[in-house]
2 protein chains.
Amino acid sequence: MSKANLTRETLLPKLAAHVLNHGLGGASLRPLAKAADTSDRMLIYHFGNKEQLVADLLGHIAGIYSTALDAAMGAERPTTRKECFDRILEQGSHPMMRPFMVLWWEIVAGSARGIPGYREAADAMMTKQLAWLETQMPEDDPDPAGGARYLMTLLEGTLMLGVVGHARTASEGLLASGVSPS
Amino acid sequence: MSKANLTRETLLPKLAAHVLNHGLGGASLRPLAKAADTSDRMLIYHFGNKEQLVADLLGHIAGIYSTALDAAMGAERPTTRKECFDRILEQGSHPMMRPFMVLWWEIVAGSARGIPGYREAADAMMTKQLAWLETQMPEDDPDPAGGARYLMTLLEGTLMLGVVGHARTASEGLLASGVSPS
DNA sequence: CAGACTATGTAGCGCTCGCTACAAACCGGA
DNA sequence: TCCGGTTTGTAGCGAGCGCTACATAGTCTG
């Protein structure tokens, strides 16, 4: 195995890939190490302890999410809030995003429980998403800032309901609200 | 220690109390047993294995939630959607509800990850909450069913944003939507 | 009272956990 | 070339995990 350049920076992408596929809470050092072609011994050496590793990993994942949003910045803006909402919801429901969404709820749960590092990562990702959403608001929207926050609240509620098998509840609610059809 | 009447039914309330204070995912048999004044040996004896214990526990907790909602059914209904939303949000934000909310996000995360038993419990709780919310809608609401679903989506989004430190984002969004002044 | 079945205590199995002790390999500068 | 620091491998520690084997106490039925 190539032992070249074993640093936090080269390890984090492989660790992130493993965590996206297998979860964060249940991840232990030895499987993580194997996923990064190294040993638990070296993970502790480079990160100090597991808590720091998880914190760094969450920061790295938040960074990935941020750059993914930057890359997804559409050229042409939607013309209505409804269109804006539908577009971002569809993007979040894309199968490619599934591992990320599964991990996301784990981060929310960790944030609620107060596990070190989780809250910060979750906050960063939401802040980024909000900023991104503001840029995606219709150009002629009377209140882009407030509208983005409103849409984001609706969006997160929709995603949560979807996760627990109540996607229909959300879509019927959105239909009644006039924000989104279907 | 009183060894009287050691059954699933007498065990579950004590187990639920422990889980509400210490989390579900990280809970292991021996601390759970101590919280219920018994031994890990007996937990396995009565539930078969840990997975079944967790499933039963989630069912029990969903039941607790359901009866709590029944008890919280207000005598006089709100007169506007905004009032309805504010009232239920305030109730959900009550400090007494905190352990339950923390556990809730763990259930959502487990549901997203597909852990057996989580999805069913989450679904049951949301279904119950929706039914409850429908009864709390203003009497003259033009579309109580759709309105309840809309408010619920907004509510869940608000709660999630609150958990990750974005309560302001949600309240500003609600302000812009006209549903809640905050 | 005999026997069967249920309920419980004690002890421990094999495993994984995060982490560490110790030594060897490597590598740059004197 | 030797030397000191950085990086890595091997082995293992103590603890906790879910779960089981085995024996025993209690209880109910015939």
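These values consider heavy atoms only, across backbone and side chains, with no hydrogens, waters or symmetry-generated copies. Throughout, a chain's letter reflects where its sequence line sits, starting with A, and its residues are numbered from 1. Small disclaimer: the values here were computed from a predicted structure and weren't measured.
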Test side chain to side chain donor-acceptor pair (under 3.5 Å) applied to B:Asp123 - qualifying residues, sequence neighbours left out: A:His166, B:Thr127
Between B:Met42 (CE) and D:dG26 (C1'), how many Å, whole number? 13 Å
Could you tell me whether the side chain of A:Gln91 reaches within less than 4.5 Å of the side chain of A:Leu69, counting heavy atoms only? yes
Readout for nucleotides 18-23 of chain D: B = base within 4.0 Å of protein heavy atom, S = sugar-phosphate only, - = neither; 5' to 3' it is BBBBB-
Tell me: CG of B:Leu43 to C1' of C:dA7, nearest whole Å? 14 Å
Could you tell me whether the phosphate oxygens of D:dT8, OP1 or OP2, come under 4.0 Å of any side-chain nitrogen or oxygen in A:His46? yes
Ring pair (Phe, Tyr, Trp, His ring centres under 6.0 Å) partners of B:His18, counting only residues at least two apart: B:His22
Test side chain to side chain donor-acceptor pair (under 3.5 Å) applied to A:Glu9 - qualifying residues, sequence neighbours left out: none
Integer-rounded Å distance: D:dT24 P and B:Tyr45 OH: 18 Å
Report the residues that fulfil ring pair (Phe, Tyr, Trp, His ring centres under 6.0 Å) with A:Phe47, sequence neighbours left out, ordered by chain and then residue number. none
Residue set satisfying salt bridge (Lys or Arg N to Asp or Glu O under 4.0 Å) with A:Arg119, at least two apart, ordered chain then number -> none
Separation of A:Leu32 atom CG from C:dC19 atom P, in whole Å? 12 Å
How long is the line joining CG of A:Leu6 and P of D:dT7, in whole Å? 10 Å
